[in-house]
J.: 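After the structure tokens below, expect a handful of questions from me.
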Protein chains: 2
Amino acid sequence: MSLAYVILGLLEQQPMTGYDLKTSWFDDAIAHLWPADQAQIYRTLDKLEQQGWIACQVEVQPDRPNRKVYSVTEGGRMALQRWLHSFQPLPVIRDPLLVQLHFAANLPNADIVTLLEQQQAARREALAHCQAVAKKLLTAGSGSREQQLRRYVVEFAIQREQLYLDWLMQMIAELRSESPSL
Amino acid sequence: MSLAYVILGLLEQQPMTGYDLKTSWFDDAIAHLWPADQAQIYRTLDKLEQQGWIACQVEVQPDRPNRKVYSVTEGGRMALQRWLHSFQPLPVIRDPLLVQLHFAANLPNADIVTLLEQQQAARREALAHCQAVAKKLLTAGSGSREQQLRRYVVEFAIQREQLYLDWLMQMIAELRSESPSL
DNA sequence: AAATTATATATGATTAATCATATATAAGAT
DNA sequence: ATCTTATATATGATTAATCATATATAATTT
């Protein structure tokens, strides 16, 4: 489960609570890499603690629920290093739009174009999000190795969205140019 | 669940058994679109039958387990058409390699390059598979609308793999050109 | 005054996908 | 002679992810 390692990586930079992880990382700078739900974050923190890879220090708060600040243990650091050296299988991409197109032969072109334009809109948003993350990484300055690697990663995410958008545009043009009776 | 619609789409072309679906489609011409496990196929067939979207005709076989040949019902056909017109959310891509790179700052370049080369090998295989599917689509001839749409889809899958490979190559070159002490 | 947002953690339920294994037999390969 | 492959379906178990909801209070917005 890579989520566990994302969390280890984030906690290694700075000890944090589940709430912090969610609101300041998974909702934002990490969302393009590994989106995660609040429930899953807390459950993964539990598992990591049970494994001894993170430890928690409770900060008592009078009014609010206590903050459980987690930090990576020595065992956790080792586990993360091991994982960072291990081969990871290619993610499988299951894209419903591609399935729709594969079976779309008896839809009129106009209907297919509608589908494509809806995806286009969604993809533009996704691209914008990636670009926002990239921009933050650039303005954050410091050409550190860390930053550099992260830039490559976001840059790839941007290229991936761009490729999708290019392809959508081309298909739309193609379908529009065909006899509209189709 | 899109798998249900993939199955509807395949059965609409030709009534088939779960076994046929697996061996002649999901293992091959559909694998790049929506890989599916045998267990999941049979369970989805059960669900589709309960919903009344497919119906099964049992062909009794003396030696082997009986063949349950499924075909799409009128209700199923309508459900598929509805789905083919519905907006589908963008698939989320969770790519462990990108996570590794994001947190790889304290690995030596050589180690990162090793990771990248392993992915390169796996991606080359994935590309080869897509190309094989594309080739079959082309040699199958007949510039039918159906074929044309499927070609666009595989073509995109190929471009996606190609983009990944290009990016990997570039990163490898970049990391190799840096001071090897890193 | 009432509703929402922010802070913080937790659990129950469900879905989609994967892995393993079971049953049963015939044909083909080592 | 034994092992594997092909044909065919079925079920149990587990994982990863998502959705909903619960608790509790303060501050802010409408």
Side-chain angles (χ1 to χ4, degrees), chain A residues 1-7 11 15-28 30-31 33-51 54 56-70 83 88-96 99, chain B residues 1-7 11 15-28 30-31 33-51 54 56-70 83 88-96 99:
Chain A
M1 221 223 331
S2 304
L3 176 60
Y5 296 98
V6 178
I7 290 177
L11 290 181
M16 265 180 286
T17 67
Y19 187 79
D20 296 333
L21 281 167
K22 175 64 176 157
T23 55
S24 41
W25 290 100
F26 285 99
D27 283 347
D28 186 46
I30 275 296
L33 257 194
W34 209 277
D37 178 271
Q38 175 260 18
Q40 211 191 349
I41 292 170
Y42 281 104
R43 286 197 175 108
T44 305
L45 285 170
D46 286 346
K47 264 203 316 186
L48 283 170
E49 199 187 7
Q50 279 169 40
Q51 267 179 76
I54 60 176
C56 122
Q57 196 171 343
V58 179
E59 287 179 12
V60 179
Q61 299 193 123
D63 319 340
R64 313 181 162 293
N66 296 337
R67 288 167 55 83
K68 296 169 77 173
V69 181
Y70 291 96
W83 184 79
Q88 294 302 312
L90 308 194
V92 173
I93 303 180
R94 288 186 173 86
D95 189 334
V99 174
Chain B
M1 221 227 328
S2 304
L3 176 60
Y5 296 98
V6 178
I7 290 176
L11 290 181
M16 265 181 288
T17 67
Y19 186 79
D20 297 332
L21 282 167
K22 175 64 175 158
T23 54
S24 41
W25 291 101
F26 285 98
D27 282 348
D28 185 45
I30 275 295
L33 257 193
W34 208 277
D37 177 271
Q38 174 260 21
Q40 212 191 348
I41 292 171
Y42 280 104
R43 285 196 175 108
T44 304
L45 285 170
D46 287 346
K47 265 204 315 188
L48 284 169
E49 198 187 9
Q50 277 169 41
Q51 269 181 74
I54 61 176
C56 120
Q57 198 171 341
V58 180
E59 287 180 12
V60 180
Q61 298 192 123
D63 319 339
R64 315 182 160 292
N66 296 336
R67 286 166 57 83
K68 296 170 79 173
V69 181
Y70 291 97
W83 184 80
Q88 294 301 313
L90 308 194
V92 173
I93 304 179
R94 289 186 172 86
D95 189 334
V99 174

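Note that these values count all heavy atoms, side chains included, but never hydrogens, waters or copies made by symmetry. Lettering follows sequence order; numbering is per chain, from 1.
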J.: Could I get the full list of side chain to side chain contact (heavy atoms under 4.5 Å, CB included) partners for Arg94(B), not counting sequence neighbours?
T.: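 By the side chain to side chain contact (heavy atoms under 4.5 Å, CB included) rule, Arg94(B) matches Trp34(A), Pro35(A), Val92(B).
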J.: Can you confirm whether Gln57(B) is buried at CD, in the sense that more than 12 heavy atoms of other residues, nucleotides or ligands lie under 6.0 Å from that atom?
T.: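 Incorrect, the count does not exceed 12.
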J.: Atom pairs under 3.5 Å, N or O on each side, protein against nucleotides 12-16 of chain C: can you list them with distances?
T.:
unit_1: dG12(C); atom_1: N7; unit_2: Arg43(A); atom_2: NH2; d: 2.5
unit_1: dG12(C); atom_1: O6; unit_2: Arg43(A); atom_2: NH1; d: 3.0
unit_1: dG12(C); atom_1: O6; unit_2: Arg43(A); atom_2: NH2; d: 3.1
unit_1: dA16(C); atom_1: OP1; unit_2: Met1(B); atom_2: N; d: 3.4

J.: Compare every heavy atom of Ile41(B) with every heavy atom of Gly18(B), then report the nearest pair and how far apart it is.
T.: O-CG2, 4.2 Å
J.: Quick one: Asp37(B) CG to dT18(C) C1', roughly how many Å, whole number?
T.: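 In whole Å, dT18(C) C1' lies 6 Å from Asp37(B) CG.
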J.: Rounded to whole angstrom units, what separation is found between the CD1 atom of Ile41(B) and the C1' atom of dA17(C)?
T.: 12 Å
J.: Quick one: closest heavy-atom pair of Tyr42(A) and Tyr19(A), and the distance?
T.: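 Heavy-atom minimum between the residues: OH-N, 3.2 Å.
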J.: In dot-bracket form, 5' to 3', how is DNA chain D paired? Count Watson-Crick and G-U wobble pairs only if both distances fall under 3.5 Å, and write | where the partner sits on another strand.
T.: ||||||||||||||||||||||||||||||
J.: Among Leu48(A), Leu21(A), Val69(A), find the residue that satisfies the side chain to side chain contact (heavy atoms under 4.5 Å, CB included) test when tested with Leu11(A).
T.: Leu21(A)
J.: If you measure from NZ on Lys47(A) to CD on Gln51(A), what distance do you get to the nearest 0.5 Å?
T.: 7.0 Å
J.: When rounded to the nearest 0.5 angstrom, what distance separates CD1 in Ile54(B) from NZ in Lys68(B)?
T.: 9.5 Å
J.: Under the rule for side chain to side chain donor-acceptor pair (under 3.5 Å), what residues qualify as partners of Thr17(B), not counting sequence neighbours?
T.: Asp20(B)
J.: Nearest whole Å is fine: how far is dT18(D) P from Asp27(A) CG?
T.: 12 Å
J.: Go through the structure and list residues passing side chain to side chain donor-acceptor pair (under 3.5 Å) with Lys22(B), not counting sequence neighbours.
T.: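 Partners of Lys22(B) under the side chain to side chain donor-acceptor pair (under 3.5 Å) test: Asp27(B).
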J.: Do you know the tightest heavy-atom contact between Pro96(B) and Trp83(A)?
T.: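 Between these two residues, the closest heavy atoms are O-CH2, 3.8 Å.
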J.: If a protein heavy atom is under 4.0 Å from the base, mark B; if only from the sugar-phosphate, S; if neither, -; do that for nucleotides 4-9 of chain C going 5' to 3'.
T.: --BBBB
